[in-house]
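Nothing fancy with the numbering, it's 1 onward along the sequence. Here the structure is a predicted model, which means the values were calculated and not measured.
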Amino acid sequence: MDFGANMDEFADLFGETNESFSFPMLPLSSTVGCAETHSHSQEHLGTMFRPPSQAEVDSLVARDMNALSSKDREQILHDIHGIADFPDEDPHLLQAKLDELDAAINAIPQKSAYDRALAASESYVKDRSFRLKFLRADRLDPQRAGRRMVNFFEYKKELFGPDKLVKHIMMDDLNYDDMAVIQNGHMQFLPERDMAGRVIFCNIQSLQRCASDANLLRAVYYMLMTQADDEDSQKKGVVGVLYNFSLMAERLDYAKILQSVRLRNCLPIRFVAMHYCFNHPSFVDFINYERSAFDEHTRARCRAHQVSATDFHSELVSFGIASRSIPASLIGGLKSKSHQDWIYMRRKIEGNQKLSSRATPTTVVAAVPTRAAAVQPKMNVVKSINVATSRKGQPNVIENIDTSSDSEKSPPARKIYASPSPGDVLFGRGKVKEHPGNVRLHQLIEKRRSRYEVAEKWEKTVIAEEIVAIIKECSGRFLRPTVNGDGWVEVDKEIAREKVSHTFRSRRPKLQKRRRMAAAQAKPKLFLNTNFRY
């Protein structure tokens, strides 16, 4: 069967949802509240199309790459290898693209779910930050972003029903089986970002456990949408890693692949790199089937790594992914501590959001009593909760609630990052010294030590600020742990500079000790002859 004719038949039956090879809106049999049905079953779809051959996919990718500019092709290589290259956004261009997005959506004739959501809550659908997610997911292409947004509401209605079309989905909206998929841990956001500072979403397919396809899709929806709410991930994108070293392609359901790809094509999330790691050649069929369903930008950013389980970790290092953060161990086990911490953090974030939604800007609420509160009861009072500036559902950010006395002005809330990136410099003791950002800081200090030792006081300040600027230019931050240890907060420029200066001073005694020891070893030693008799 010819692959091109295969796709034409596919489009005739279900219609296209994307300019590239796009797949149909398959019904979810276990979805509550879904009124749409389809004459073709998922079993029929799973056997109706054969996976494309490697030659066909290579030809498809070659066609896509030829259509791109040299700058776009270079950007693809940077994205795959974790090279930071994020241009600043032009506010005027963003506004123009938002206006074009409105026109593109209005030009789409069939958008029943979108119209229903618009009628239910125009403020939700036309929220500027909400629409920017879709524009950034499609690289500021209004036409594609409009189709993605319309398809998003269609799929959201399928997954959660029409009553939740304009609701921000939280853990409380998931059922027991949905949460079981999340808690299983086969899908995780890695505790460390890649060298470009991007979040990494890892799927260990061989450990996948779910009661139904709908439970799996709702879990994927929830997890990826937490990242879609993070502005940093909107701009930088997300890296995907699919790990498979035991599940053979013969056991794969191709209809499930179509559902998964369709969900990713609907969500306002942009995968800037996809790494498929496997050890059996039969898994190539799965990769080719999935790649053919992606748009041309994502398809060109896919890399297949056929390696053994022992070489898997080292293979990803060359793409800017730290091997120690991979949740799959060399013997096939699963590391879940960081994932359980992420779940705990999500519950905390959503609890704060519920508290914010119930409060008004002038509400005064008593804080949770602490030992300090017993001594100074007036200090721990929440003066106000600014609902208007609250940012929703960021998996790497927890929002603080300011507490201050009546006589003091409340300090601005700081973002709490759940996981540092490799380029960050961490405050603290112990293993933080082994963090890549801290190692690089010490390397920068060693290169400037001789100049720092003979410099005047003001020159030492300049040297410290120079190192801080170098760290920040490479997407690094200076982070210190929170009081309760549930994340990291970024310090201001002055504290970062003092950290560098302190590192210069703290390493000086060690250097002097090493010099004394070297001098002592070089000096000839005198030994007393205890056997001498007078």
Side-chain angles (χ1 to χ4, degrees), residues 77-86 189-200 232-233 235-237 239 241 272-273 313-326 338 396 415-455 459-482 487-514:
L77 292 177
H78 287 183
D79 288 343
I80 293 173
H81 288 87
I83 300 174
D85 185 14
F86 310 114
F189 291 108
L190 300 193
E192 292 186 29
R193 301 190 177 205
D194 73 346
M195 289 302 295
R198 301 171 304 190
V199 172
I200 305 169
D232 193 49
S233 293
K235 296 177 180 179
K236 296 180 179 180
V239 176
V241 175
V272 292
H313 293 73
S314 59
E315 178 74 12
L316 292 179
V317 172
S318 61
F319 294 91
I321 300 175
S323 60
R324 61 179 172 270
S325 65
I326 302 297
S338 63
N396 285 316
K415 298 178 183 177
I416 301 182
Y417 298 91
S419 58
S421 65
D424 294 336
V425 175
L426 308 182
F427 286 59
R429 300 177 180 273
K431 291 187 176 181
V432 297
K433 296 180 180 179
E434 302 174 3
H435 188 73
N438 292 63
V439 173
R440 186 162 186 270
L441 172 64
H442 289 296
Q443 292 173 347
L444 293 172
I445 286 176
E446 287 301 324
K447 290 180 180 179
R448 294 160 176 79
R449 173 167 295 284
S450 58
R451 182 158 61 100
Y452 186 87
E453 294 295 337
V454 298
E459 291 177 314
K460 292 181 178 180
T461 302
V462 172
I463 295 173
E465 290 180 346
E466 175 186 336
I467 294 178
V468 171
I470 292 174
I471 295 293
K472 290 185 176 293
E473 285 177 1
C474 297
S475 302
R477 299 164 296 190
F478 286 78
L479 304 178
R480 71 177 358 154
T482 58
W488 302 83
V489 295
E490 184 173 5
V491 301
D492 55 33
K493 184 178 178 180
E494 288 72 19
I495 297 178
R497 186 194 65 205
E498 178 56 33
K499 164 71 174 176
V500 175
S501 300
H502 175 74
T503 307
F504 269 112
R505 294 191 298 269
S506 63
R507 291 179 66 87
R508 185 181 299 159
K510 296 180 182 179
L511 181 62
Q512 293 174 350
K513 183 178 180 180
R514 287 198 299 267

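Comment: R497 does not engage E494 in a salt bridge, judged by the lack of any side-chain N to carboxylate O separation of less than 4.0 angstrom. Under 4.0 Å is where a charged nitrogen must lie from a carboxylate oxygen, and between E465 and K472 no such pair does.
The closest side-chain heavy-atom distance from Q443 to V439 is below 4.5 Å. Under the 4.5 Å side-chain criterion, counting only non-hydrogen atoms from C-beta, R198 is in contact with V272. The closest side-chain heavy-atom distance from R505 to H502 is below 4.5 Å.
Nearest heavy atoms, I200 versus E192: CD1-O, 3.8 Å. Residues R448 and L444 approach most closely at NH1-O, 3.1 Å, considering heavy atoms. Between W488 and T482, the shortest heavy-atom contact is N-CG2, 4.2 Å. The shortest heavy-atom contact between D194 and G82 is OD2-CA, 4.0 Å.
The backbone N or O of R477 sits less than 3.5 Å from a side-chain atom of D424, completing a donor-acceptor pair. Between the R440 side chain and the P422 main chain, no donor and acceptor come within less than 3.5 Å of each other. Listed for the D79 side chain is no donor-acceptor partner under 3.5 Å among the backbone atoms of A273.
The side chain to side chain contact (heavy atoms under 4.5 Å, CB included) test with F427 is passed by exactly one of L479, V432, I495: I495.
With rounding to the nearest 0.5 Å, the separation of CZ in R193 from CD1 in I321 is 13.5 Å. Here CD1 of I463 is found 7.0 Å from CD of E459. Values are rounded to the nearest 0.5 Å. For the atom pair CG (L441) and CD (E446), the distance works out to 10.5 Å, reported to the nearest 0.5 Å. Between the CD1 atom of I445 and the OG atom of S501 there is a distance of 8.5 Å, given to the nearest 0.5 Å. Distance NE2/H442 to NZ/K433: 7.0 Å, rounded to 0.5 Å. The distance from atom NZ of K447 to atom CD1 of I467, rounded to the nearest 0.5 Å, is 10.5 Å.
Using a 30° and 60° split on the angle between ring planes, F504 and Y452 fall in the parallel class, below 30°.
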